[in-house]
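Here the structure is laid out as structure tokens; the discussion comes afterwards.
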Amino acid sequence: MSTGEMLFLICAMALLSTLILSVNTSLFQANDFASEGTIGMYAVSVAQQYVEMARQLKYDETTVSGYPSNPPAGFTMAGRLGKDTGESYPDFDDVDDFNNFALRDSTSFGKCAVSIDVAYVNENDPTQTAQGQTYAKRMTVTVSSPFLRAPLRLSHVFTYFEK
């Protein structure tokens, strides 16, 4: 074999090695993206489960047994949102009982941490937290897992309408 042929063979092997490495890297990245998408869907379903639980509840403690006398001022004060004395999960009776709620939930992709915050929000701009009682509450469910790159946050706004 001549020097030229040897040099050609070395270059061909280097090119083939680079190509194989590139294909393997692409396959591993595609697998990571697929796994992350699947785990993300599980995280969304976990978060949605708590929103659906809250949707079955009353808007506020004052609405559990009827209509409040002077909404929204008569609703639970913003600083007192959370479960009431004697209440425990899963036997909550109103949406804000989920405020400052946290637990570890088991899913098919392992244990994840769930935390929930509830706050009054501006009815015209639900991204803005209100200082006092309003006709709208935002529930934010955060799901964390070692398999997620960042915690997943899902928000839902609950509203109260007078009849």
Side-chain angles (χ1 to χ4, degrees), residues 24-163:
N24 280 342
T25 302
S26 295
L27 288 173
F28 285 127
Q29 285 178 345
N31 191 29
D32 285 349
F33 288 135
S35 296
E36 188 174 330
T38 302
I39 292 167
M41 286 190 315
Y42 279 119
V44 168
S45 70
V46 168
Q48 188 64 37
Q49 158 190 325
Y50 291 98
V51 170
E52 291 302 320
M53 279 187 223
R55 289 183 66 190
Q56 305 303 313
L57 305 176
K58 298 292 186 177
Y59 179 78
D60 192 74
E61 189 65 31
T62 60
T63 64
V64 169
S65 59
Y67 297 104
S69 58
N70 59 341
F75 292 147
T76 303
M77 293 173 45
R80 295 184 170 254
L81 295 177
K83 63 183 180 176
D84 302 306
T85 305
E87 291 180 338
S88 62
Y89 175 78
D91 298 321
F92 292 155
D93 59 1
D94 64 285
V95 172
D96 66 72
D97 289 345
F98 278 101
N99 191 39
N100 296 320
F101 177 79
L103 79 118
R104 299 208 43 87
D105 198 341
S106 294
T107 65
S108 56
F109 68 91
K111 291 208 181 273
C112 61
V114 177
S115 62
I116 303 174
D117 293 306
V118 178
Y120 286 108
V121 292
N122 183 324
E123 294 102 344
N124 297 319
D125 183 4
T127 62
Q128 298 296 317
T129 302
Q131 298 304 314
Q133 300 93 312
T134 66
Y135 289 103
K137 291 178 184 175
R138 181 184 60 233
M139 176 186 209
T140 303
V141 183
T142 304
V143 179
S144 304
S145 167
F147 302 109
L148 293 171
R149 291 183 191 210
L152 176 122
R153 285 186 180 78
L154 179 74
S155 292
H156 183 83
V157 175
F158 296 87
T159 56
Y160 179 79
F161 294 99
E162 291 183 275
K163 292 186 178 192

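Treat the numbers as computed from the prediction; the structure is a model and nothing was measured.
- With hydrogens and angles disregarded, no donor-acceptor distance shorter than 3.5 Å links the side chain of K137 to the backbone of V118.
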Counting only pairs under 3.5 Å, give me each side-chain donor-acceptor contact of residues 76-89, with atom names and distances, residues two or more places apart or in other chains.
from : atom 1 : to  : atom 2 : distance (Å)
T76  : OG1    : D60 : OD1    : 3.1
T76  : OG1    : D60 : OD2    : 3.2
E87  : OE1    : D84 : N      : 2.9

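- Atom CD of E52 is surrounded by more than 12 heavy atoms from other residues, nucleotides or ligands within 6.0 Å.
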(message) Evaluate T129 against R138 for side-chain hydrogen bond (donor to acceptor under 3.5 Å, both in side chains), listing each step before the verdict.
(response) CA-CA 8 Å; T129 302; R138 181 184 60 233; 3.1 Å; yes
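- T63 has its side chain out of reach of D94: every pair of non-hydrogen atoms, C-beta onward, lies at least 4.5 Å apart.
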(request) Could you walk me through whether R55 and F158 pass the side chain to side chain contact (heavy atoms under 4.5 Å, CB included) test, one step at a time? (result) CA-CA 8 Å; R55 289 183 66 190; F158 296 87; 3.6 Å; yes
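- Here the CG atom belonging to N122 is positioned 11.0 Å from the CD atom belonging to Q131, to the nearest 0.5 angstrom.
- Within the 4.5 Å cutoff, side-chain heavy atoms of L57 are placed close to those of F98.
- For an aromatic pair to be called close, the ring centres must be under 6.0 Å apart, and F75 with Y160 satisfies this.
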(request) Apply the test side chain to side chain contact (heavy atoms under 4.5 Å, CB included) to residues V44 and L152: give CA-CA distance (whole Å), side-chain angles for both, the deciding distance (0.1 Å), then the verdict. (result) CA-CA 7 Å; V44 168; L152 176 122; 3.6 Å; yes
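- The heavy-atom pair separating P68 from T62 by the smallest distance is CB-OG1, 3.8 Å.
- Proximity of T159 to E123: side-chain heavy atoms (C-beta onward) are nowhere separated by under 4.5 Å.
- Taking every heavy atom of both residues into account, L154 and A47 meet most closely at CD2-CB, 3.7 Å.
- Of all heavy-atom pairs spanning C112 and V46, the tightest one is SG-CG1, 4.3 Å.
- The shortest side-chain heavy-atom distance between D93 and K58 does not fall under the 4.5 Å cut-off.
- Residue V121 comes nearest to P126 through the heavy atom pair CG1-O, 3.5 Å, listed as atom of the first residue, atom of the second, then distance.
- In this structure, the side chains of N100 and D117 come closer than 4.5 Å at one or more pairs of heavy atoms.
- Below 30°, between 30° and 60°, or above 60°: for F101 and F92 the angle between ring planes is above 60°, a perpendicular geometry.
- Listed here is the closest heavy atom pair of S155 and T140: OG-OG1, 3.1 Å.
- Heavy-atom minimum distance, R104 versus A113: NH1-CB, 3.6 Å.
- In this structure, the separation between CD on Q133 and CG on N70 is 9.0 Å, given to the nearest 0.5 Å.
- Separating the OG1 atom in T134 from the CD atom in Q128 is a distance of 12.5 Å, to the nearest 0.5 Å.
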